[in-house]
Amino acid sequence: MQEIHQQINHWYQRNARDLPWRRPGVSGWAVMVSEFMLQQTPVVRVLPVWEQWMHRWPRPQDLAAEPLSEALKAWGRLGYPRRAMRLHAAAIEITTQYNGEVPETEQQLRALPGVGEYTAAAIACFAYGQRTVVVDTNIRRVHARLFGGMALPEPNPRASEFARAKQVQPEEHSSANLWNISVMELGALICTARSPKCDACPVYEHCAWIKAGQPAPHYAPKGQAWKGTDRQVRGAMMAILRAHEEPVLRETFLTDLALQGHGDYIALHKLDAPLEQRERALAGLLSDGLALAEEAGIRLPS
DNA sequence: GAGCCGTGGGG
DNA sequence: TCCCCAAGGCT
């Protein structure tokens, strides 16, 4: 196991990407912002938004002083705008409860909105050098192959994966700390979900999946419906709202939505009917989707 | 615990 | 073209 530790950690030191949130001296806030943006969004799309975000709001209190609408608009097209809402709310908590300093313990981090098991462990490790057990989708996949002999991990994380992740960590503190980011990077660059670059893998000789003859995945991906769903229309709604500095008039909103090809949806759900006449399902859609804008002060006139 | 929450690029 | 996938979190 020590040989695997050394090979992967050494590989990282020679092949890691030069990402701005990894540079020496970056703040806990800088790391935290990157972790929020990287939740289900690829690095290349996060990079420019992160740069602008950190330039505009270099400290939690800078973001906390702004209305939510500014955070949502600055979030742009990263997707899952709820993350921007949670980051804004977290910035307020950090400002009021922690005097503007991103907390360092996993327990404190875990209590912040938008911070789950992974993000708490990642911030504590990457920003504060703590020895934590980081388990993300990359690490899960590397472990599943290297130690489990499987093509892919289970669709949903299991408790046994956290136990194994802790088990396979190096003993020594700094090595364990480096191990987290090294395995993650290996999964992102070499041990990828599709077409892994096994010929460039530093631990090819140790890989249980290779030894097993690279068996195929034992399950088929589910896939999420998109076309024709409320979710698709909600995305269109947010795009319209982001594009306006001021609250959007109902007529403008409906016209823009129709121009984006959702005229049938407007008719089907009576979006152009008075608020009181809307069906309960529509009210649910609006409260779910437009809550983002409502709370931000960019709203439809009632 | 399964399903939902946006968006765009690569295979 | 279509569909999988991306440093998850929340209910």
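Keep in mind the model is a prediction, meaning the values are calculated, not measured. Reminder, nothing fancy here: chain letters follow the sequence lines and each chain counts from 1. Note: hydrogens, waters and symmetry copies are ignored here, and every other heavy atom, side chains too, is used.
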| task | On the 0 to 90° scale, with breaks at 30° and 60°, tag the A/His143-A/Phe147 ring pair as parallel, tilted or perpendicular. | result | tilted
Reckon [X] has a side-chain N or O less than 4.0 Å from the OP1 or OP2 of [N]?
X: A/Arg83; N: B/dT7; answer: no
X: A/Asn156; N: B/dG1; answer: no
X: A/Arg234; N: B/dG6; answer: yes

Could you check whether [X] gets within reach of a base, just the sugar-phosphate, or nothing at all, counting any heavy atom under 4.0 Å?
X: A/Ala122; answer: nothing
X: A/Leu19; answer: base
X: A/Ile139; answer: nothing
X: A/Trp75; answer: nothing
X: A/Thr192; answer: nothing

In whole Å, what is the span from the [atom1] atom of [X] to the [atom2] atom of [N]?
X: A/Tyr12; N: C/dA7; atom1: OH; atom2: P; result: 14 Å
X: A/Phe36; N: B/dG6; atom1: CZ; atom2: P; result: 16 Å
X: A/Met37; N: B/dG6; atom1: CE; atom2: P; result: 16 Å
X: A/Lys227; N: B/dT7; atom1: NZ; atom2: P; result: 18 Å
X: A/Leu87; N: B/dG6; atom1: CG; atom2: C1'; result: 17 Å
X: A/Arg77; N: B/dT7; atom1: CZ; atom2: P; result: 6 Å
X: A/Met238; N: B/dT7; atom1: CE; atom2: P; result: 8 Å
X: A/Gln40; N: B/dG9; atom1: CD; atom2: P; result: 17 Å

Does the side chain of [X] reach to within under 4.5 Å of the side chain of [Y], using non-hydrogen atoms?
X: A/Glu66; Y: A/Asp62; value: no
X: A/Asp199; Y: A/Lys197; value: yes
X: A/Ser175; Y: A/Asn9; value: yes
X: A/Thr137; Y: A/Tyr118; value: no

With rounding to whole Å, what would you report as the distance between [N] and [M] at their [atom1] atoms?
N: C/dA7; M: B/dG11; atom1: P; result: 14 Å
N: C/dC2; M: B/dC5; atom1: P; result: 22 Å
N: C/dA6; M: B/dG1; atom1: C1'; result: 22 Å
N: C/dT1; M: B/dG6; atom1: P; result: 26 Å

| note | When A/Ala239 and A/Arg158 are each assigned the nearest nucleotide of DNA chain B, the 5'-most assignment goes to A/Arg158
| message | Please determine whether any donor N or O and acceptor N or O are separated by less than 3.5 Å between the side chain of A/Arg194 and the base of C/dC4. | response | yes
| task | Confirm from the modelled atom types if A/Thr41 and B/dG8 form a donor-acceptor pair under 3.5 Å, side chain to base only. | result | no
| message | With salt bridge (charged side-chain N to carboxylate O under 4.0 Å, His left out) as the criterion, how do A/Glu70 and A/Lys73 come out once you've worked through the C-alpha distance, each side chain's angles and the decisive distance to 0.1 Å? | response | CA-CA 5 Å; A/Glu70 292 305 313; A/Lys73 285 185 277 190; 3.5 Å; yes
Nearest-nucleotide pick for [X], side chain only, options being [options]:
X: A/Met184; options: C/dA6, B/dG6, C/dA7; result: C/dA7
X: A/Arg141; options: B/dG6, C/dA6, C/dA7; result: C/dA6
X: A/Arg231; options: B/dG6, B/dT7, C/dA7; result: B/dG6
X: A/Ser195; options: B/dG6, C/dA7, B/dG11; result: B/dG11

Distances for protein N/O vs nucleotides 9-11 of chain C N/O pairs under 3.5 angstrom?
from	atom 1	to	atom 2	distance (Å)
C/dG9	OP1	A/Gly116	N	2.7
C/dG9	OP1	A/Thr119	N	3.0
C/dG9	OP1	A/Thr119	OG1	2.4
C/dG9	OP2	A/Tyr118	N	3.4
C/dC10	OP1	A/Gly114	N	2.9

| field | Donor-acceptor pair between A/Glu3 and A/Gln7 side chains, under 3.5 angstrom | value | yes
| field | side-chain contact (heavy atoms from CB on, under 4.5 Å) against A/Ser174, all qualifying residues, sequence neighbours excluded | value | A/Glu172
| remark: With A/Trp179 as partner, the option from A/Ile4, A/Ile139, A/Val134 fulfilling side chain to side chain contact (heavy atoms under 4.5 Å, CB included) is A/Ile4
